[in-house]
Amino acid sequence: EKNRKDMGKIQFLFMWISGWCTACLLCLYQPFMKIWMGEEMMLPFYLVIMLAAYFYILKMSDIRTMYSESAGIWWQARYISVAEAVSNLVLNWILVKYLGLFGIILATMISYFVFNFIGGAIILFRYYFTEGGFWQYIATNMWYALVTAVVSFVTYWCTTYVTFEGILGLILKMVICIIVPNVLFLLLYCRTREFKDCFTWVRKKMKK
């Protein structure tokens, strides 16, 4: 039970950081690529959204994977890994024909979300956290994802007011990306139980 609660605290902190990074990717991919490779080499913005979402989905399972590996339940998850690999190949083959690069990213996101995030969580809660909590884990992470999406697009909207180009524009957008997402996360999370538990936990760790 203590391990499950600790996982919840660590997951909250990790998804805060991951959400912040997602907002930074959404806002800074294009201006950075424009400086580095030129405007003619930039991807459409809808692909930037997909890449940022892809990054976030990859991070959603990191803490759960750490607990699964620590519990040593690789054998129980063997079919999940095979299913993820097969579905990824099949979906890539199908979607790339119709959607191109968008389809490749979408196929990987679907495979990872269904089999790694959801499937991996089922295995963890079935064989290790046997007292339950699976649906709470899923719902909590969906809430984190929704908050991250809102925060990321509000941050992007704020960066659109930066009219400077080049290095100066990139730096100003970086400053916005440092301040705005974290302020919004604080406002949205400050009354939640996860935030209060983490605040107490971090404060104790800092005192030690």
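A continuous path of hydrophobic side-chain contacts links I57 to V114 [ILVMFWY only; heavy atoms under 4.5 Å]. Under the 4.5 Å side-chain contact rule for hydrophobic residues, F113 and W135 share a cluster. Connection of M37 to F32 is established within a shared hydrophobic cluster, with ILVMFWY side chains joined at heavy-atom distances below 4.5 Å, either directly or through further cluster members. No chain of hydrophobic side-chain contacts below 4.5 Å, direct or via other Ile, Leu, Val, Met, Phe, Trp or Tyr residues, connects L89 to L91. Both F195 and I10 belong to a single network of hydrophobic side chains, linked directly or stepwise wherever heavy atoms of I, L, V, M, F, W or Y lie under 4.5 Å apart.
Counting non-hydrogen atoms of neighbouring residues, nucleotides and ligands closer than 6.0 angstrom, the CE atom of M42 exceeds 12 such neighbours. No more than 12 heavy atoms of other residues, nucleotides or ligands shown are found within 6.0 angstrom of CZ on R126. Atom CZ of F164 is surrounded by 12 or fewer heavy atoms from other residues, nucleotides or ligands within 6.0 Å. Annotation for Y54: atom OH does not count as buried by contact number, only 12 or fewer foreign heavy atoms lying within 6.0 Å.
Residues D6 and W201 bring no donor and acceptor atom of their side chains to less than 3.5 Å of each other.
In this structure, the separation between CG on D62 and CE on M15 is 8.0 Å, given to the nearest 0.5 Å. Taking CG from L28 and NZ from K173, the interatomic distance works out to 8.0 Å, rounded to the nearest 0.5 Å. Between S111 atom OG and N92 atom CG the span is 7.0 Å, to the nearest 0.5 Å. Rounding to the nearest 0.5 Å places CD1 of I122 at 10.5 Å from CZ of F117. Distance check: Y79 OH to F115 CZ gives 14.5 Å after rounding to the nearest 0.5 Å. Atom CD1 of residue I80 and atom CD1 of residue I123 lie 5.0 Å apart, to the nearest 0.5 angstrom.
Ring geometry for F102 versus Y46: interplanar angle of 30 to 60°, hence tilted.
With W20 contributing its side chain and C177 its backbone, the two residues share a donor-acceptor pair below 3.5 Å. Remark: the backbone N or O of L43 is paired with a side-chain donor or acceptor of Q30 at under 3.5 angstrom. Within the 3.5 Å criterion, the main-chain N or O of K196 finds no donor-acceptor partner in the side chain of R191. Distance alone, capped at 3.5 Å, places no donor-acceptor pair between the N88 side chain and the E84 backbone. Between the side chain of S152 and the backbone N or O of T148, at least one donor-acceptor pair lies under 3.5 Å. Checking side-chain atoms of T160 against main-chain N and O of W157 turns up a donor-acceptor pair under 3.5 Å. At distances below 3.5 Å, at least one donor-acceptor pair connects side-chain atoms of T108 with backbone N or O atoms of I104. Judged by distance alone, with hydrogens and angles left aside, the side-chain atoms of Q11 form a donor-acceptor pair with the main-chain N or O of M60 at under 3.5 Å. Side chain of T192 to main chain of Y189: a donor-acceptor pair is present (N/O by atom type, distance under 3.5 Å, no hydrogens or angles).
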Trace of the ring-ring contact (aromatic ring centres under 6.0 Å, His included) decision for F45 with Y156: CA-CA 12 Å; F45 185 64; Y156 176 78; 4.7 Å; yes
Tell me, with the steps shown, if W16 and V147 meet side-chain contact (heavy atoms from CB on, under 4.5 Å). CA-CA 10 Å; W16 182 315; V147 169; over 6 Å; no
Side chain to side chain donor-acceptor pair (under 3.5 Å) for S68 and R64? Distances and angles first, verdict last. CA-CA 6 Å; S68 295; R64 192 273 310 155; 3.3 Å; yes
Chi angles and distances behind the ring-ring contact (aromatic ring centres under 6.0 Å, His included) call for Y137, F129: CA-CA 11 Å; Y137 172 82; F129 294 131; 8.9 Å; no
List the steps and the verdict of side-chain contact (heavy atoms from CB on, under 4.5 Å) for V82 and R78. CA-CA 7 Å; V82 174; R78 64 195 183 280; 5.8 Å; no
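Looking at L58 and M109, their side chains never come closer than 4.5 Å, going by heavy atoms from C-beta outward. Considering only heavy atoms from C-beta on, L170 comes within 4.5 Å of I35 through its side chain. A heavy-atom distance below 4.5 Å is found between the side chains of T65 and N116. Inter-residue side-chain proximity for T22 and L26 is flagged as unmet; no heavy-atom pair is nearer than 4.5 Å. With a 4.5 Å cut-off on side-chain heavy atoms, I49 and F153 count as touching. Taking 4.5 Å as the limit, every side-chain heavy atom of L13 sits out of range of all side-chain heavy atoms of K9. With a 4.5 Å cut-off on side-chain heavy atoms, Y144 and F185 do not count as touching. By the 4.5 Å heavy-atom criterion applied to side chains, V180 and I176 are counted as neighbours.
In plain terms, the two heavy atoms of S18 and F55 that are nearest each other are O-CE2, 3.7 Å. The heavy-atom pair separating C190 from L187 by the smallest distance is SG-O, 3.6 Å. In plain terms, the two heavy atoms of Y127 and T130 that are nearest each other are C-CG2, 4.0 Å. Closest approach of F14 to K59, counting heavy atoms only: CE2-O, 3.3 Å. Annotation for Q136 and T140: closest pair O-OG1, 2.7 Å, computed over non-hydrogen atoms.
Taking the ring centroids of F199 and F12, they lie at or beyond the 6.0 Å cut-off.
Judged by a 6.0 Å distance limit and a 45° cone about the ring axis, K34 is not positioned over the six-membered ring of W36.
With respect to R4 and E131, a salt bridge is recorded, a charged nitrogen being found less than 4.0 Å from a carboxylate O.
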